[in-house]
Protein chains: 2
Amino acid sequence: MSQNDIARIAEPQPELQLQQFLTYRLSRVQAKLNAQASRVLREHAGITLTQWRILALIGVEGLRRSADLSRHAALDKGMVSRNIKLLVAEGLVVAEGDDSDQRAQTLGLTGKGRQLVERTLPIMRKRQNLLRGALDAGELAVLYRALDKLELAAEAQDFD
Amino acid sequence: MSQNDIARIAEPQPELQLQQFLTYRLSRVQAKLNAQASRVLREHAGITLTQWRILALIGVEGLRRSADLSRHAALDKGMVSRNIKLLVAEGLVVAEGDDSDQRAQTLGLTGKGRQLVERTLPIMRKRQNLLRGALDAGELAVLYRALDKLELAAEAQDFD
DNA sequence: ATAAATTGGTTGACCCGTCAACTATAATGT
DNA sequence: ACATTATAGTTGACGGGTCAACCAATTTAT
């Protein structure tokens with residue numbers, strides 16, 4: 001306790017680091033993936049990642065209702081609502097009333113929106129392939145399995 | 001195009017889903033890990049995850065300066081600053097001027113802060129072990145490798 | 001038929017994390 | 001020695017994401 005006179009409760013814990021390291025790694029990788037996609041989309045299409053997802057869900061997956069988007073892509077419905085409004089204002093999306101359900105609105109792409117998706121799809125696919133190419137099939141399988149297990153463990157409520 | 005008359009730009013793309021699925025999975029797992037830790041800390045110690053990290057870095061790792069915390073745990077320095085202020089206000093941390101560097105302050109735990117860390121450490125270790133037990137060594141290794149590769153791929157700037 | 005519960009969508013509030021600007025002090029270069 | 005550059009820490013602002021309240025319309029149960 002002479003030179004290094006720091007009040008410690010316990011010796012540094014590699015275990016503690018591991019846990020924090022894990023969530024740290026996960027959030028970091030995810031942040032970088034998002035940042036990369038966001039950059040491309042901003043430069044190439046002038047939209048955000050969320051907006052791209054919405055456009056792709058409408059234009060590629062053929063979904064037509066906000067609620068479907070939320071469910072399909074686990075997007076918050078509030079966020080979908082706000083972004084739809086933006087996309088409509090920018091003339092990329094049309095939202096017209098649905099006859100069969102007065103609450104709902106039917107979503108679709110405008111010509112401009114369709115053009116933008118068509119123009120953007122190839123580059124996003126390219127990126128896709130880059131990412132996919134980074135992992136071999138075995139790694140991908142283990143990654144998914146590990147994430148499943150972690151997610152399950154993270155749901156435990158009764159370990160205390 | 002009869003019954004399912006939806007204007008699509010392309011057929012639904014499993015590849016697109018994969019990418020979004022990947023970031024979706026990552027963010028989801030991470031969110032759950034955070035939520036779990038946050039819940040435990042809130043119920044058990046009345047602090048947030050960030051605050052716990054700070055307390056542990058001071059009390060367990062023995063760090064004494066804000067800047068060291070930021071570097072060590074990749075926490076934003078602004079966030080550290082604000083949280084330190086809260087922790088001081090709650091009487092868990094002391095921050096006194098540093099003689100050798102007028103800009104810096106020396107951080108330490110109060111008795112109350114030390115007690116709280118001592119009380120909270122065991123349960124966080126328990127959680128730690130739960131998570132660690134969820135993956136075998138091989139899975140953990142592949143997980144790390146896969147995250148490394150993905151992170152690298154996510155840093156590529158010139159794929160377009 | 002009508003009350004209750006569910007669903008679609010909008011809006012406001014809030015937290016977390018990041019970034020930028022700024023002040024004060026220290027270290028470095030010439 | 002003095003000007004430049006780097007560092008410690010504070011603060012304000014912003015975007016992404018979650019949550020809750022709310023309205024209108026629709027489905028379900030009794």
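All figures in this text were calculated on a predicted structure; none of them were measured in a lab.
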Value in whole Å for how far the C1' atom of C:dC15 lies from CD1 of B:Ile47: 17 Å
Under 4.0 angstrom, heavy atoms only, what part of the nucleic acid is A:Thr48 near: base, sugar-phosphate, or nothing? sugar-phosphate
To the nearest Å, how far apart are B:Met79 CE and D:dG9 C1'? 16 Å
Measure the spacing between CD1 of B:Ile47 and CG of B:Leu55 and express it to the nearest 0.5 Å. 5.0 Å
Distance check: side-chain N/O of B:Gln105 vs OP1/OP2 of D:dT10, anything under 4.0 Å? yes
Between CZ of A:Arg71 and P of C:dT6 the distance, given in whole Å, is 15 Å
Rounding to an integer number of Å, can you tell me how far A:Asp76 CG sits from C:dA13 P? 16 Å
Nearest-nucleotide pick for A:Arg82, side chain only, options being C:dT25, C:dG12, D:dG17: C:dG12
Has B:Ser81 got a side-chain N or O lying under 4.0 Å from the OP1 or OP2 atom of D:dG9? no
Whole angstrom is fine here: how far is it from CZ in A:Arg103 over to C1' in C:dT6? 8 Å
So does B:Thr50 get a side-chain nitrogen or oxygen closer than 4.0 Å to the phosphate oxygens (OP1/OP2) of C:dC16? no
Report yes if a side-chain nitrogen or oxygen of B:Arg28 is closer than 4.0 Å to either non-bridging phosphate oxygen (OP1 or OP2) of D:dG17; otherwise report no. no
Protein-nucleotide distance (A:Glu96, atom CD; C:dG9, atom C1'), rounded to Å: 17 Å
Starting at atom CG of A:Asp98, determine the distance to atom P of D:dT26, rounded to an integer number of angstrom. 9 Å
By the 4.0 Å heavy-atom rule, please label A:Ser70 as base, sugar-phosphate, or nothing. nothing
Among side-chain atoms of B:Asn83 and B:Gln51, is any donor-acceptor pair under 3.5 angstrom? yes
Distance col, row A:Leu41:CG vs A:Thr48:OG1, nearest 0.5 angstrom, shows 8.0 Å
Residue pair B:Ser66/A:Gln102 against DNA chain D: nearer the 5' end by closest nucleotide is B:Ser66
B:Asp68: which of B:Arg65, B:His72, B:Arg71, B:Arg64 passes side chain to side chain donor-acceptor pair (under 3.5 Å): B:Arg71
Could you state the atom-to-atom distance from CG of B:Leu86 to P of C:dC16 in whole Å? 10 Å
Where the side chain of A:Lys77 is defined as all heavy atoms beyond and including C-beta, which of D:dG9, C:dT10, D:dT18 is the nearest nucleotide? C:dT10
How would you label the contact of A:Asp101 with the nucleic acid (heavy atoms, under 4.0 Å): base, sugar-phosphate, or nothing? sugar-phosphate
Among D:dG17, C:dA24, D:dT11, which nucleotide has an atom closest to any side-chain atom of B:Lys85? D:dT11
Is there a chain of hydrophobic side chains (I, L, V, M, F, W, Y, each step under 4.5 Å between heavy atoms) that links B:Leu150 to A:Tyr144? yes
